[in-house]
Amino acid sequence: MFRKKGSLILCSMFVFITWNAILVLLLRGRPAPGPSGVPGQEKGEVGQRPTNDVVGDVLRMADVFEAELELQKKILIQIKSHQSLWDPSNRNKQKVVAAPEPVIPILVIACNRVTVRRCLDKLLQHRPSAELYPIIVSQDCGHAETAEVIRSYGDKVIHLKQPNLSDVAVRPEHKKFQGYYKISRHYHWALNQVFKTLSHSSVVIVEDDLEVAPDFFEYFRSLLPLLKSDPSLWCVSAWNDNGRDGYVDPGKADVLYRTDFFPGLGWMLLGEVWEELEPKWPASFWDDWMRQPEQRRDRACIRPEVSRTLTFGRQGVSLGQFYDKYLRYIKLNAEFVPFTKLDLSYLKEETYRNNFEKEVYSAPVVTYEDVKQGQLKRPGPFRLQYSSKDSFKMLAKNLGIMDDLKSGVPRTGYRGVVSFMSRGRRIYLAPPPGWMKYDRTWS
Ligand SMILES: *[C@@H]1O[C@H](CO)[C@@H](O)[C@H](O)[C@H]1NC(C)=O
């Protein structure tokens, strides 16, 4: 745009000089009128003969003036139409657009499920740009059929194969957890590929049984600047552990939260955090390891009100029962929220914490019976208090939200508080005021 501005200035200068040149010509020696009174017919006589036709001269000069004014007017209109480029507030916007957009690779963790096709189809369907979101499928397990499915996508995806297919030596009582050891080894290898071999600076990790929402890419892109700038955050997740139909507010698909619980299931990680985790990456159960205070170090993740991923797989290493009870009912967001155009500054740590505490602890306290029997007449929100591990578990189970705790942190919890909808009312399942820290013996 500076080039455009420059060319406009040049253009104006050119007109100005031309105008002066015309004036000089007119004053020094104008073309004399011919016998017919039509000017310029006797070019050979230019500057040779004075004239007495003063009125005619003035009229001709007026004509030239008029044409010149017309030209000036046209240029002014043109300048006016480009005025938005001169406005300093727009200039900043233009600069932001001009900065190169960061590339966010999507790492798909695959093994032996041919249904990875559903995951890839959805990613490709909603992906707004192949350049900005390269899809890297990392395959473990050496499963030929799955490899064939991935290969069928040709150069739309990058197909990596984890080379070490040997069994992991585990102690006898962990024999049944062999699968978890292999997953941990695979993650370790695949993340090294993304950050070390391919030199990316961020990644969104998706497992082969996840389906993504239409605004999945938009969601992560909008939160990358916040994740990079805020050291109290260490991940962005697309998942709400209590995101079942009836437990979320579908009218609040644009609302995001901080959570102390690492949700996984479609999540963004930065290279710096990988550098920190990689040297001590665990042999198994990497997700619960991430949830330990030694790794989390009081950092939070961002999660949405309505999930941007849905898990459709039920075989594999995780328990089918768990899937049937909770995961299969998670509501996938359907409408596109233009997150990159929204103001997300409310998620900054101090702002968020202050507003959150005010909101939760100014909400009236209600009993479990009030909530369960639908006796809450006002619109809410309401606060339901728990004071021990057992009371948390009892309330959570009876209200239909996740009742497990990892290293003392409840799923979706922020400073001990779990926020969810029940019978159309916002409920905060919260510890007493003055909460200080999690008790890792609560599990
Ligand atoms: C393959 O993985 C096993 C278990 O993680 C490990 O002990 C072994 O060293 C690995 N082999 C190679 C060649 O990296």
Side-chain angles (χ1 to χ4, degrees), residues 105-116 119-120 134-151 153 157-210 234-235 237 262-297 311 313-320 322-323 406-407 443:
I106 312 296
L107 173 64
V108 179
I109 298 287
C111 171
N112 57 2
R113 290 188 279 215
V114 292
T115 50
V116 67
C119 169
L120 292 175
I135 296 173
I136 302 165
V137 188
S138 179
Q139 194 199 351
D140 195 5
C141 314
H143 191 245
E145 257 184 280
T146 305
E148 191 44 49
V149 169
I150 299 166
R151 195 168 27 244
Y153 287 87
V157 306
I158 300 160
H159 188 182
L160 305 178
K161 289 174 180 169
Q162 199 278 115
N164 188 348
L165 301 181
S166 67
D167 268 356
V168 183
V170 297
R171 53 182 195 272
E173 66 271 29
H174 268 203
K175 263 274 183 293
K176 58 177 182 285
F177 299 134
Q178 180 69 224
Y180 289 99
Y181 282 82
K182 287 187 173 170
I183 288 173
S184 213
R185 177 174 67 189
H186 184 194
Y187 266 81
H188 191 180
W189 182 84
L191 287 169
N192 271 341
Q193 293 297 306
V194 169
F195 290 120
K196 298 189 175 175
T197 310
L198 300 170
S199 305
H200 287 292
S201 57
S202 66
V203 70
V204 172
I205 301 152
V206 169
E207 288 182 33
D208 59 354
D209 62 345
L210 288 184
W234 72 323
C235 97
S237 170
F262 169 71
L265 295 171
W267 58 290
M268 182 158 64
L269 172 72
L270 296 182
E272 297 91 86
V273 180
W274 178 243
E275 263 176 54
E276 169 197 323
L277 299 175
E278 194 269 341
K280 53 175 182 172
W281 191 251
S284 63
F285 308 110
W286 67 269
D287 46 354
D288 284 343
W289 173 84
M290 293 271 288
R291 293 167 181 145
Q292 293 168 357
E294 294 79 7
Q295 278 64 250
R296 188 172 74 82
R297 292 169 45 206
T311 165
R314 52 172 310 176
Q315 340 113 277
V317 289
S318 67
L319 299 168
F322 187 66
Y323 175 81
K406 304 280 186 180
S407 298
S443 61

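Counting starts at 1 for both ligands and their atoms, in listed order.
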Task: Gln139 and its side-chain hydrogen bond (donor to acceptor under 3.5 Å, both in side chains) partner, picked from His186, Arg151, His159, Gln162 - done: His159
Open item on the list: Is it true that Trp189 and Asp140 share a donor-acceptor pair across their side chains at a distance under 3.5 Å?
Closed with: no
- [ ] Would you verify that at least one protein heavy atom lies under 4.0 Å from atom 9 (O) of ligand 1, or report that none does?
- [x] no
TODO: Consider only side-chain N and O atoms of Thr311 and Asp209, and report whether a donor and an acceptor are under 3.5 Å apart.
DONE: yes
Open item on the list: So if I count the atoms of ligand 1 from 1 in the order they appear, which ones are less than 4.0 Å from some heavy atom of Arg185?
Closed with: 1 (C), 2 (O), 3 (C), 4 (C), 5 (O)
Task: Top protein contact for atom 6 (C) of ligand 1, by heavy-atom distance - done: Asn164 ND2, 4.1 Å
- [ ] Check the angle between the aromatic planes of Trp274 and Phe195 and answer parallel, tilted or perpendicular using the 30° and 60° thresholds.
- [x] parallel
